[in-house]
Novice: 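Quick one: this structure, given as structure tokens, is what I'll be asking you about.
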Amino acid sequence: MSVMLLCSFYGYEPLISSIFSTQTQRSMALIQLIASVGVSFALSYLVQRAKQCLDFACTVHFFHLICVTIYNRTLPTQFTWWILQVISTTVCTVLGEYLCMKIESQEIKLEGGPSRYDL
């Protein structure tokens with residue numbers, strides 16, 4: 001959303017029809033790719049497992065496909081739209097898995113002295 005607001009300063013007028021368009025526009029492609037980076041950070045926070053990132057990224061993009069199909073009353077047929085979705089899903093998955101693995105590989109810090117459960 002903030003990217004759309006930023007683009008509006010440069011003459012781009014964000015419209016709801018642009019979000020659900022089946023035609024690929026350069027500005028909307030850039031916005032979607034930046035949003036996929038944002039979704040990958042959300043995946044690392046919400047999912048916290050690298051094995052589940054592909055599933056959640058595909059689910060998010062599937063819901064986008066459903067919304068686009070309902071809005072336009074037809075499946076997208078433009079090849080560049082499908083390529084953009086594949087690239088966006090790939091970026092979201094790979095970056096999400098990387099961030100999850102980075103979080104998973106951090107050492108667990110135990111603070112304080114000995115526990116009362118220590119022998």
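Counting from 1, the numbers follow the sequence of the chain as shown.
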Novice: Q32: which residues meet the side-chain hydrogen bond (donor to acceptor under 3.5 Å, both in side chains) condition with it, sequence neighbours left out?
Specialist: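 Q85.
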
Novice: How close do W82 and L65 get, counting heavy atoms only, and between which atoms?
Specialist: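 The pair with the smallest heavy-atom distance is CH2-CD1, 3.7 Å.
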
Novice: If only atom types and distance count, is the side chain of T93 paired as donor or acceptor with the main-chain N or O of T89 below 3.5 Å?
Specialist: yes

Novice: Would you give the length of the straight line joining atom CD1 of I103 to atom CG of L99, rounded to the nearest 0.5 angstrom?
Specialist: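 Output value for this atom pair is 6.5 Å.
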
Novice: In terms of hydrophobic clustering (I, L, V, M, F, W, Y; side-chain heavy atoms under 4.5 Å; direct or indirect links), are I66 and V60 co-clustered?
Specialist: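 Different clusters: I66 never reaches V60 through Ile, Leu, Val, Met, Phe, Trp or Tyr contacts under 4.5 Å.
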
Novice: So, taking the atom named SG in C100 and the one named CG in L95, what distance separates them when rounded to the nearest 0.5 Å?
Specialist: 9.5 Å

Novice: Which residues pass the side chain to side chain contact (heavy atoms under 4.5 Å, CB included) test with Q52, sequence neighbours left out?
Specialist: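 Per chain and number, Q52 pairs via side chain to side chain contact (heavy atoms under 4.5 Å, CB included) with V47, R49, F56.
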
Novice: Is it true that a side-chain atom of H61 and a backbone atom of A57 form a donor plus acceptor pair closer than 3.5 Å?
Specialist: yes

Novice: Grab the two heavy atoms, one from P76 and one from T69, that are nearest each other, plus how far apart they are.
Specialist: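 Here P76 and T69 meet closest at CD-OG1, 4.0 Å.
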
Novice: Restricting to side chain to side chain contact (heavy atoms under 4.5 Å, CB included), what partner residues turn up for T59, sequence neighbours left out?
Specialist: D55, F63

Novice: Show me the donor-acceptor pairs, under 3.5 Å and distance only, between side chains in residues 35-46 and residues at least two apart or in other chains.
Specialist:
from: S36; atom 1: OG; to: L33; atom 2: O; distance (Å): 2.6
from: S40; atom 1: OG; to: V37; atom 2: O; distance (Å): 2.5
from: S44; atom 1: OG; to: F41; atom 2: O; distance (Å): 2.7

Novice: Roughly how far, to the nearest 0.5 Å, is CD1 of I87 from SG of C92?
Specialist: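 Answer for the SG-CD1 pair, C92 versus I87, is 13.5 Å.
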
Novice: Applying the 4.5 Å side-chain criterion to the ILVMFWY set and letting contacts propagate, would W81 and F79 be lumped into a single cluster?
Specialist: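 Unlinked, W81 and F79 end up in two clusters.
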
